[in-house]
Amino acid sequence: MNDRVEALWAAESIRPELRINTAVVEKMLVAFIADEVTKVGFGKIVVGLSGGIDSAVSYYLAAKALGPENTHAVLMPYRTSSQASLDDAMACVDDCHTPHVVVDISDQVDAYYAQAVVPAGRDDADDRLRRGNKMARERMTILYDFSQHLNALVLGTSNKTELLLGYGTLHGDMASALNPLGDLYKTQIRQLAAHLGVPQPILDKPPTADLFVGQTDESQLGYPYTAIDAVLIELIDHRRPAEHLVAVGHDEALVQRVSRLVGRTQFKRRLPVIAKLSERTIDRDFRYSRDWGY
Amino acid sequence: MKITLAQIAPGLGRVEENLARHRELIAAAWAEGVDLLVFPELSVTGYLLRDDTARVARSTEQLIGELRGIAPGDKPLDVVLGFIELSAGRQCYNAAVYLRYEPGQATPVLVHRHRKVHLPTYGMFDERRYVNPGQRLAAFDSPVLGRAGLLVCEDLWHPATVYTLSVDGPGFEGMGVLLGIANSPARGVDNTEGFTTANLETWRRLNRLYAEIFGVLVVHVQRVGVEDQYIFTGGSEIVTPSGDTLLAAPLFDEAILSVEIDTELWLRAHRASSPRALGESVHVVRRELERIGSEVYR
């Protein structure tokens with residue numbers, strides 16, 4: 001294995017069951033992106049680059065799959081976004097030599113909240129959450145605008161941990177045409193990032209949704225990703241009951257929190273449910289693959 | 001004899017394109033003097049067809065018609081491929097056919113057809129929803145391999161199918177060569193020792209197990225390519241009864257690989273060193289299976 005990946009395993013005590021063969025994963029995901037983009041008549045990808053590790057990994061994979069010239073990065077800071085995030089995103093662009101554009105979203109977000117008819121947040125937390133979600137959805141509309149303009153598909157950046165916990169904005173950062181990262185836990189994304197040569201500062205800094213100043217995912221979730229992922233892989237992939245996890249030494253409060261979140265956020269992982277009226281209803285008895293019809 | 005494995009990436013539902021690719025590869029193999037050319041499961045149609053299954057289904061006769069008129073080589077060529085078969089009763093099957101091309105005849109002859117018996121309908125798979133299970137398990141006489149068996153993917157996860165073919169022949173001397181064609185989506189990426197996936201390692205174990213315990217030469221062909229979220233593994237191979245790997249295709253990439261094999265040599269050597277007659281217990285096994293099958297409330 002790659003030295004950087006092995007160093008990460010040692011430094012972060014990544015459990016064997018969460019370790020991945022990054023060379024195999026790279027090969028599979030590069031094939032996935034190349035095939036699923038070109039097969040449906042496209043040749044380009046547009047991806048929002050936040051300076052965080054997930055979007056960096058998606059971006060590096062796209063550049064390998066379709067070539068740098070066909071991978072368009074869009075950097076979309078808000079006025080409170082950290083300069084370090086923008087610098088880290090630019091380091092990726094400088095490394096991969098792809099086209100990029102910086103679109104500041106401050107004005108369009110602020111203009112919305114400046115309207116008298118838009119209610120203020122119930123409290124600070126509510127206000128921060130609404131604004132954070134609004135920013136994520138503004139970014140989505142920009143990506144889809146570039147998607148139309150460039151004739152490029154929007155590449156997803158949501159990992160398995162956040163999809164399972166519902167830790168993402170529906171129709172915001174969760175929106176994409178295809179997502180190479182959705183079956184990799186955060187801990188595994190980090191290994192892939194090391195393998196792909198993502199700049200070290202991106203691996204070193206604490207993960208953050210950057211919804212407000214000083215936010216980090218792990219302080220918000222209350223546990224480190226290594227602990228969360230260790231629980232998720234047992235619950236989801238190994239189908240172990242929650243009681244078993246507690247019995248073998250996982251933190252009981254963590255196991256309960258994770259179990260509850262996975263259940264309560266199931267709606268976020270589904271298309272809107274369609275009430276069945278006819279004999280043939282979309283996604284129930286009208287079943288085709290995405291690749292059908294091209 | 002010369003065997004060629006066509007580890008290709010069929011297009012989903014793109015039957016015309018896939019048939020053109022088959023014709024091209026058949027023509028090339030025939031020109032090169034190949035004896036047996038093996039394509040993967042559903043090589044004519046692609047795998048994740050779902051509601052598109054009925055549209056791409058065709059009768060065996062239609063398929064043979066679509067594969068006729070290929071510029072002949074100097075000697076016969078045998079071809080194995082997979083498709084969605086439309087039966088006389090208008091039912092769909094996941095089928096594999098063994099065809100024989102003769103230099104003097106434009107139309108290939110059907111030597112054997114196998115309809116997939118075991119349709120995976122669990123976890124990521126949903127085959128039974130769209131196709132019917134085959135009802136026959138039979139070995140057949142291949143002009144180049146001798147007594148042979150042809151199974152499709154999940155059939156190989158049921159040892160009873162392999163056992164049945166291994167005793168299906170005069171004097172219970174069944175197949176000497178097991179042709180297995182499959183579509184296996186890659187999964188299980190936690191092997192950090194080698195460039196492989198969990199599903200492929202299972203296939204490798206199965207192929208070696210069958211080769212050894214049934215004393216057969218295993219010819220195993222997988223597909224590659226991507227359909228929706230499935231990334232097919234590849235890793236086609238030929239394994240001798242003593243567990244030697246005569247051919248190993250790469251993972252994930254298309255590969256058309258050929259090897260010269262003296263099947264007689266391998267089978268004789270194995271029979272000489274391990275002359276187990278699996279057929280000796282056929283009557284006991286049959287009697288016990290009938291007893292088990294008749295005991296409804298155990």
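All values below were derived from every heavy atom in this structure, side-chain atoms included, with hydrogens, water molecules and symmetry-related copies excluded. So that the names make sense, note that chain A is the first sequence line, chain B the second, and so on, each numbered from 1.
- Between B:Asp253 and A:Lys27 there is a salt bridge, since at least one side-chain N of the basic residue sits less than 4.0 Å from a carboxylate O of the acidic one.
- In this structure, the side chain of B:Asp51 engages the main chain of A:Arg287 through a donor-acceptor pair within 3.5 Å.
- B:Thr192 OG1 to A:Asn2 CG: the interatomic distance, rounded to the nearest 0.5 Å, is 12.5 Å.
- If you measure heavy-atom distances from B:Thr233 to chain A, you find no contacts under 4.5 Å at all.
- Expressed to the nearest 0.5 Å, how far CH2 of A:Trp292 lies from CG of B:Leu12 amounts to 11.0 Å.
- Only the side chain of B:Tyr130 comes within contact range of chain A, with heavy atoms under 4.5 Å apart.
- Looking only at distances, a side-chain donor or acceptor of B:Asp228 sits under 3.5 Å from a matching main-chain atom of A:Arg290.
- Considering only heavy atoms from C-beta on, B:Asp190 stays 4.5 Å or farther from A:Arg19 through its side chain.
- Taking all atoms of both residues into account, the shortest heavy-atom contact from A:Met28 to B:Ile231 is O-CD1, 3.6 Å.
- The closest donor-acceptor contact from the side chain of A:Asn21 to the backbone of B:Asn191 lies under 3.5 Å.
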Point to revise | Residue pair B:Phe252, A:Val24: steps toward the side-chain contact (heavy atoms from CB on, under 4.5 Å) verdict | key: CA-CA 10 Å; B:Phe252 306 117; A:Val24 170; 4.2 Å; yes
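- For A:Ile236, the CD1 atom sits in a packed shell: over 12 heavy atoms of surrounding residues, nucleotides or ligands are nearer than 6.0 Å.
- Looking at A:Asp183, there are no atoms closer than 4.5 Å to chain B (heavy atoms on both sides), in backbone or side chain.
- Ranked by heavy-atom pairs under 4.5 Å with chain A, the list B:Leu48, B:Asp52, B:Thr196, B:Asp126 is led by B:Asp52.
- Closest of all the heavy-atom pairs between B:Arg14 and A:Lys39 is NH2-O, 4.2 Å.
- By the 6.0 Å contact criterion, NE2 on A:His244 is enclosed, its count of non-hydrogen atoms from other residues, nucleotides or ligands being greater than 12.
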